[in-house]
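Each ligand, and each atom within it, is numbered from 1 in the order the structure gives. Since this is a predicted model, take the numbers as computed values, not measurements. Along the sequence shown, the residues carry numbers beginning at 1.
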Amino acid sequence: MNVLEAKLRKSFTPGKLRRFGVDVEFTAPPGVTVIFGPSGSGKTTILQCLAGLLRPDEGLISVGGERLFDSAEHVDSPPQQRRIGYVFQELALFPHMTSAENIAFGIRGNGSRKIDMVRDILERFRITHAAEHRPGEISGGERQRVALARALVTEPRTLLLDEPFSALDDTLKIDIMTDLKQWLEQRPIPVLLVTHDRMEAEALGGRTLLLKQGKINMQGKESVTV
Ligand code: ADP
Ligand code: MG
C-alpha cells in the first residue's frame, strides 16, 4: 500500500538566542491526514523535508516502501525524482504562462498525450474556460484549481498541501475540496494538508496530527500508527 512514513529531525537557529527544532515521527496512509498547528510550529519545515527542498539533519522518509531519504544510508533523492506534488499558498504559478501551459509544464515529452492530459485535468477541476488565461486574468479560486491541477497531472505518489486554501472564502474552499476529494477517490495517495482552519481540517480530513513547537502532540482518533 502507498503509505508515507516519516521520521525526521531538523533544527534551526533563527535568532542568536533562539533555537527551533522539528522532531517528528508519523505515517500517513492513502487519504487525507491533517497537520494542524499554530504558526511557527514547524508545519512548512516538515513538508519541505518531505518534498526534498530542505534536508533533515537526520531521518528516514519513504513512500510505498521506497526510501526517498535515509540519513544513515546517505539516500537523498532529488525533489523531481520523489514524485511528490506540492501546493502552497503562494502557488508559484508562472505569471507569463496560461493555465494550460502552467499545467503542461511538469509533464515530460510532448504531443497529443500531453494535450489530452491537460484537457482532462482542466475538465476535472472545472477550469476549461480558464485554459488560455494567465494567472493574473483569473480569480483566486481558479488559480488554486490550476495549482492543484498542475500538482496532480503527473500523478504524484503523495500530495502536500501547505495552507493552499486559506485565502479563499468558505464556499470556494468547499467547492475545491469536493473536487479534490473526488479526484483522490480514484487515486488513493497520501495527502498531507497543513492548516490552522478547523473547517478546512474537518471538510477534508480524517486523521489529524497536532503539531506544537516542532513535536506531534496527539494523533486523532482515526490516526493510523504503524
Ligand atoms: P509553520 O509552517 O508551522 O508556520 P515553519 O516550519 O515555517 O512553521 O517554521 C518553524 C520555525 O522554524 C520558525 O520559528 C522559523 O523561524 C524557523 N525556520 C524556518 N525556516 C528557517 C530557516 N531556513 N532558517 C532559520 N529558521 C527557520
Ligand atoms: Mg507554514
Inset, instruction - Please name the pair of heavy atoms, one in Glu163 and one in Lys43, separated by the smallest distance, quoted to 0.1 Å. - result: OE2-CE, 3.7 Å
Inset, instruction - Taking atom types as modelled, find out whether Gln48 and Thr45 have a side-chain donor-acceptor pair closer than 3.5 angstrom. - result: no
Legend entry - Residue pair Leu159 / Leu180, side-chain heavy-atom distance below 4.5 Å: yes
Inset, instruction - Compare all side-chain heavy atoms of Arg9 with those of Pro56 and state whether any distance is below 4.5 angstrom. - result: no
Inset, instruction - May I ask you to check whether Ser41 has an N/O atom sitting below 3.5 Å from an N/O atom of ligand 1? - result: yes
Legend entry - Protein heavy-atom partner closest to atom 8 (O) of ligand 1 - residue, atom, separation in Å: Gly42 N, 3.2 Å
Legend entry - Cation-pi geometry met for Arg150 and Phe94 (6.0 Å, 45°): yes
Inset, instruction - For the residue pair Pro38 and Gln213, establish whether any side-chain heavy-atom pair is separated by less than 4.5 Å. - result: no
Inset, instruction - Can you pull out the closest protein heavy atom to atom 7 (O) of ligand 1? Residue, atom name and distance to 0.1 Å, please. - result: Thr44 CB, 3.7 Å
Legend entry - Residues that Phe12 engages under ring-ring contact (aromatic ring centres under 6.0 Å, His included), provided they are two or more places apart: none
Inset, instruction - Among all protein heavy atoms, pick out the one at the shortest distance from atom 12 (O) of ligand 1; state its residue, atom name and that distance to 0.1 Å. - result: Phe20 CD2, 3.2 Å
Inset, instruction - Specify the protein heavy atom at minimum distance from atom 5 (P) of ligand 1: its residue, its atom name, and the distance to 0.1 Å. - result: Thr45 OG1, 3.7 Å
Inset, instruction - Could you tell me which atoms of ligand 1, counted from 1 in the order shown, lie closer than 4.0 angstrom to a heavy atom of Pro38? - result: 3 (O)
Inset, instruction - Return the residue, atom name and 0.1 Å-rounded distance of the protein heavy atom closest to atom 24 (N) of ligand 1. - result: Phe12 CD2, 3.5 Å
Legend entry - Heavy-atom side-chain proximity of Asp162 to Val87 below 4.5 angstrom: no
Inset, instruction - Starting from atom 16 (O) of ligand 1, locate the nearest protein heavy atom and write down its residue, its atom name and how far away it is, to 0.1 Å. - result: Arg18 NH2, 3.5 Å
Legend entry - Pair His129, Glu142: side-chain N/O donor-acceptor within cut-off below 3.5 Å: yes
Inset, instruction - Tell me which protein heavy atom sits closest to atom 4 (O) of ligand 1, plus the residue, atom name and distance to 0.1 Å. - result: Gly40 N, 2.7 Å
Inset, instruction - Could you name all protein N, O or S atoms found under 2.8 Å from the Mg ion (ligand 2)? - result: Thr44 OG1
Inset, instruction - State, with a plain yes or no, whether a side-chain heavy atom of Ile176 is found less than 4.5 Å away from one of Leu168. - result: yes
